[in-house]
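First the structure, in the form of structure tokens, and then the observations on it.
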Amino acid sequence: MNAPYDGDRGQGAGGAASPGGPPLPPDAGQDGSVPPDPYLQHAYEDDPYRAQDLAAQDPVDEALYDRAAHPPPPPGTYQQPAPLYQQPPPAPYAPDPRIWAQTPPPEPAGPSRHLPYGDRPATTQFVGVDALVTQASDDRQEPDAFAHLFRDQEGSGKPPVPPQPEPAPAPVPAKGGGGKVSGLLKSSAVMAAGTLVSRLTGFVRSLVITAALGAALLGDSFTIAYTLPTMIYILTVGGGLNSVFVPQLVRAMKDDADGGEAFANRLLTLVMVALGLIVAAAVLVAPVLIKLMSSTIADDVAANSVAVTFARYCLPTIFFMGVHVVMGQILNARGKFGAMMWTPVLNNIVMIITFGLFIWVYGTSGESQMGVDTIPPEGVRLLGIGTLLGLVVQSLAMIPYLRETGFRFRPRFDWKGHGLGKTVKLAKWTVLFVLANQAGVLVVTQLATAAGTASGHDGTGFLAYSNAQLIWGMPQAIITVSVMAALLPRISRAAHDNDPGAVRDDISQGLRNSAVAIVPVAFTFLALGLPMATLLYASSGIEAARSMGFILMAFALGLIPYSVQYVVLRGFYAYEDTRTPFYNTVIVAAVNAAASALCYVVLPARWAVVGMAFSYGLAYAVGVGVAWRRLRNRLDGDLDGAHIVRTYARLCMAAVPAALVGGAVGFGILELVGTGALGSLAALICGGVILLGIFFVAAKKMRIEEVNGLVGMVRGRLGR
């Protein structure tokens with residue numbers, strides 16, 4: 001196709017005609033320039049885009065743009081876009097923590113429910129029970145899940161700060177630098193390990209005592225005398241020391257100029273003086289105390305003589321119990337949790353050696369057939385001195401740990417005007433709390449000893465009740481108590497700072513993490529309590545061991561509300577509210593005493609103690625309902641109840657089929673092999689493995705978050 005004008009063809013670079021090209025137009029100048037072509041003049045002056053901002057134009061969008069309906073903006077009004085990732089402008093006012101730190105409203109249940117504070121279920125790692133041991137040694141810095149909240153709130157209420165050069169990262173300390181979660185896990189792991197060893201040695205102590213004294217009247221007499229000092233200690237100062245003084249010591253360390261050392265010295269001096277007076281009075285009235293504990297034993301002359309002698313050796317342990325607890329609470333407030341859990345091991349070792357010597361000299365109960373009227377005075381003296389020596393060693397072992405923290409005990413009698421009055425006032429309700437609790441225990445003690453004597457069968461009295469309760473309470477002491485002992489100072493600080501959200505989260509964490517172990521163990525006791533007892537207490541006779549197994553099975557499911565009750569009450573103690581736990585315990589003690597009395601009247605004497613064991617768990621189930629509602633109201637109506645209840649319900653759903661299959665296997669092996677040591681061991685191992693295997697498979701299929709987090713952490717530690 002021909003061009004409209006061919007005048008530029010054949011020209012060189014300078015505008016001259018090429019040698020072989022066509023001739024120049026006749027109107028060309030001397031320099032070869034060509035005048036403007038009249039046909040091309042003003043051909044491109046009508047530019048529709050010249051008057052508009054070229055930076056805002058897109059030829060494609062412009063061609064499709066309806067100018068009649070949407071006229072373009074006038075030239076020069078286009079604004080440059082803001083740069084990406086720019087911080088928002090600072091707010092004119094500082095953030096109000098009463099607004100941004102409020103508890104979030106409850107979210108709907110179901111798969112779409114989100115965790116509080118923006119956590120995502122897919123990325124949240126739930127700390128299970130094995131983390132107490134498996135992650136304890138990890139000193140790495142844990143990521144802070146609340147850092148984004150802190151940054152947002154900090155940036156919205158402060159003027160912009162010019163950028164500072166990023167400081168060099170600080171060297172990681174060799175110990176103790178693992179952050180809040182790692183520190184909690186490490187403290188809980190130390191306590192759990194110490195409590196585990198303490199409970200195991202205490203369990204061996206119980207086995208040795210039963211083997212030495214039997215499960216008849218002699219064993220009940222020693223158990224009454226050995227339990228009496230603990231009851232008196234708890235009734236007087238023990239409850240306040242265990243619950244009230246931890247928050248007080250934490251506040252003294254935070255507020256006092258000396259870090260709370262003077263407060264601790266005053267407290268220790270006051271407790272030592274009070275306990276000394278209590279021991280002196282208790283030794284004088286020992287026969288009356290035995291009568292209050294068990295009229296059945298007091299009415300038997302030989303049994304009363306043995307019980308009173310044992311009691312006078314055991315009652316001075318009240319003083320050393322109190323000293324040990326105060327020293328332990330001082331260490332806990334200073335962040336040292338291990339000593340209080342490890343030193344009871346020494347007491348158990350001393351008692352094991354003492355009763356081992358008794359067996360070495362006189363033989364086991366089955367061999368010697370020793371009773372309250374045949375036990376020699378030398379044997380009573382040996383057991384009494386060994387029991388007292390164990391508590392002395394336990395309390396004196398705390399002194400090196402206190403010196404390591406820099407604490408030096410100096411007796412101080414200036415008690416007035418230094419905050420101890422407030423502490424004693426708070427402890428008043430705790431004393432009433434334990435008084436109500438021990439009143440229920442006293443009723444059970446009287447009824448259990450009477451039922452054991454009336455039944456005529458071994459293993460149906462108070463010693464059998466205590467042995468079964470000792471096994472039953474081990475998971476609670478190892479898991480729940482250890483976790484909450486490490487959490488209690490943190491909950492106390494959150495309550496002191498008026499942060500109900502933090503208190504709620506810590507309590508929810510303690511409940512859900514402990515449930516991973518508490519629920520399957522409770523169903524294990526229900527399914528395999530009989531082979532467990534026949535294996536452990538065979539030295540006292542098959543009949544007595546089977547009776548203890550039935551008592552353990554009756555205790556079993558009560559472990560769940562018992563553990564929940566313990567955790568919930570820590571919330572009240574963190575707020576220094578000791579009145580509410582007192583009223584709650586009155587309800588629990590009343591239900592326990594009434595139900596136990598009903599079992600004693602209705603059931604045959606041989607099964608009365610089994611009914612009392614079931615009544616114990618029933619009483620705590622009632623108490624949990626009352627305490628839960630009160631604490632929920634205290635925390636502004638939110639206790640993370642939906643999340644907690646769903647976790648416990650799903651764990652129970654996974655444990656029911658596991659207990660049915662595991663229990664059936666265990667009883668089948670007992671029927672085939674027998675109730676001897678070999679048959680009991682085979683039934684316990686096979687039934688337990690099947691029960692736990694089915695439970696974890698069912699929990700994984702049900703996608704229980706806490707169990708999946710536990711399994712994931714175990715696999716991570718094993719490298720699988």
Is there side-chain contact between Pro520 and Leu651, with heavy atoms separated by less than 4.5 Å?
-> no

Do we see a donor-acceptor contact under 3.5 Å between the side chains of Arg504 and Ser508?
-> no

Closest approach of Leu631 and Ile507, non-hydrogen atoms and distance?
-> CD2-CD1, 3.8 Å

How close do Leu463 and Gly214 get, heavy atom to heavy atom, and via which atoms?
-> CD2-O, 2.8 Å

Any chance you could lay out the side-chain contact (heavy atoms from CB on, under 4.5 Å) test for Phe462 and Ile297, step after step, and finish with the verdict?
-> CA-CA 11 Å; Phe462 183 65; Ile297 292 178; over 6 Å; no

Gly529 and Met553: which non-hydrogen atoms are nearest, and at how many Å?
-> CA-CG, 3.9 Å

Check each of Phe525, Tyr620, Tyr465, Phe614 against Phe555 using the ring-ring contact (aromatic ring centres under 6.0 Å, His included) test, and report the only one that passes.
-> Tyr465

Scan side-chain atoms only and decide if Asp220 and Thr449 contain a donor-acceptor pair under the 3.5 Å cut-off.
-> no

Using 30° and 60° as the class limits, which term best fits the ring planes of Phe222 and Phe355: parallel, tilted or perpendicular?
-> perpendicular

Can you find a side-chain donor-acceptor pair between Thr343 and His324 that sits under 3.5 Å?
-> yes

What are the two closest non-hydrogen atoms of Leu388 and Thr317, and how far apart are they?
-> CD1-CG2, 3.7 Å

Identify the heavy atoms of Ser294 and Ile224 that sit nearest to each other, and give their distance.
-> CB-CD1, 4.4 Å

Kindly say whether Thr296 contributes a backbone atom to a donor-acceptor pair with the side chain of Gln446 at under 3.5 angstrom?
-> no

Do Leu289 and Ile232 touch side chain to side chain, with heavy atoms closer than 4.5 Å?
-> yes

On a heavy-atom basis, the closest approach of Leu228 and Ala311 is CD2-CB, 4.3 Å

Step by step, work out the side-chain contact (heavy atoms from CB on, under 4.5 Å) result for Phe523 and Leu557.
-> CA-CA 7 Å; Phe523 280 88; Leu557 296 184; 4.0 Å; yes

Looking at Phe550, does the NZ or CZ of Arg546 lie under 6.0 angstrom from its six-membered ring centre and within 45 degrees of the ring axis?
-> no

Is the NZ or CZ atom of Arg634 both under 6.0 Å from the centre of the six-membered ring of Tyr575 and within 45° of that ring's axis?
-> yes

Is the side chain of Ser596 donor-acceptor paired with the backbone N or O of Ala593 at a distance under 3.5 Å, no angle test?
-> no

Hey, is the main chain of Val441 close enough, under 3.5 Å, to the side chain of Asn592 for a donor-acceptor pair?
-> no

